Amino acid sequence: MSAPTSPAVPAIETVRLGKTYAGGTRALADVDLAVSQGHIFGLLGQNGAGKTTLIRILLDMIRPTAGDRKSTRLNSSHGYISYAVFCLK
């Protein structure tokens with residue numbers, strides 16, 4: 001019998017995250033996301049789908065207009081995260 005495991009602690013978590021730019025362009029709408037520590041998550045989508053906007057919000061480079069990013073262990077000082085943002089453009 002294995003020992004009980006504790007619930008995974010999210011490294012990234014968003015709740016109803018949204019971003020609307022000046023002029024009314026909506027980049028994100030009601031994004032719910034939870035990525036546990038130690039997991040790898042791929043962010044895929046068409047051009048204009050909001051991938052870069054989401055990453056910029058997670059890195060606190062821009063502010064969401066709705067929702068919340070409840071927990072994150074990311075910041076823009078991590079070189080590999082900055083590189084990921086660069087690659088998504």
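Computed from a predicted structure; not experimentally measured. Hydrogens, waters and symmetry mates are skipped; everything else that's a heavy atom, side chains included, is used. We count residues from 1, following the sequence as given.
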> Do the side chain of Arg69 and the main chain of Leu58 share a donor and acceptor less than 3.5 angstrom apart?
Replying inline: yes
> Hey, does the side chain of Thr20 reach the backbone of Thr25 with a donor-acceptor pair shorter than 3.5 angstrom?
Replying inline: no
> Measuring from Lys51:NZ to Leu43:CG, what's the distance to the nearest 0.5 Å?
Replying inline: 7.0 Å
> Quick one: are Ile57 and Lys19 in side-chain contact, heavy atoms under 4.5 Å?
Replying inline: yes
> Can you list the steps and then say if Leu54 with Leu28 is a side chain to side chain contact (heavy atoms under 4.5 Å, CB included)?
Replying inline: CA-CA 7 Å; Leu54 176 60; Leu28 297 175; 4.1 Å; yes
>> For the residue pair Tyr21 / Thr53, report whether a side-chain donor-acceptor contact shorter than 3.5 Å exists.
In response: yes
> Side chain of Thr14, backbone of Leu33: donor and acceptor closer than 3.5 Å?
Replying inline: yes
>> Suppose we screen for salt bridge (Lys or Arg N to Asp or Glu O under 4.0 Å). Which residues come up paired with Asp30, at least two apart in sequence or across chains?
In response: Arg16
